[in-house]
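First up is the structure itself, then whatever we jot down about it.
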Amino acid sequence: MTPTLTPTAPLTALDRCDRCGAQAYVRVTLTAGGELLFCGHHFREHEARLRPLASDVLDETGKLTDPAPLAEHEA
Ligand SMILES: [Zn+2]
């Protein structure tokens, strides 16, 4: 058995949704080859159709709900 290591590079701000151009939070790797990038909104919209075609789904939508406690300044 030779495990195939698929490099899962994290998505960056440069990755854009294929549908609307917003920042991509999901990368879908297709079994047929190729990749698709989606924002959280469009991934949810197409998820049901994409799942059967995908060999791998990198879902980073969790980052969207991360609270950014940067504005909390209590002095
Ligand atoms: Zn989108």
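Indexing begins at 1, ligand by ligand and atom by atom, following the structure's order.
The backbone N or O of Ala54 lies less than 3.5 Å from no partner atom in the side chain of Thr31, so there is not a single donor-acceptor pair. A donor-acceptor pair under 3.5 Å is absent between the side-chain atoms of Arg27 and the main chain of Ala24, judged by distance alone.
Remark: Arg51 engages Phe43, Glu47, Val57 in a side-chain contact (heavy atoms from CB on, under 4.5 Å) (not counting sequence neighbours).
Under 2.8 Å from the Zn ion (ligand 1), one finds the following protein N/O/S atoms: Cys17 SG, Cys20 SG, Cys39 SG, His42 ND1.
When hydrophobic clusters are built by joining Ile, Leu, Val, Met, Phe, Trp and Tyr residues whose side-chain heavy atoms come closer than 4.5 Å, directly or via intermediates, Val26 is grouped together with Leu50. Under the 4.5 Å side-chain heavy-atom criterion for grouping Ile, Leu, Val, Met, Phe, Trp and Tyr, Leu37 is not connected to Leu53 through any hydrophobic cluster.
Remark: Arg16 CZ is packed, more than 12 non-hydrogen atoms of other residues, nucleotides or ligands lying under 6.0 Å away.
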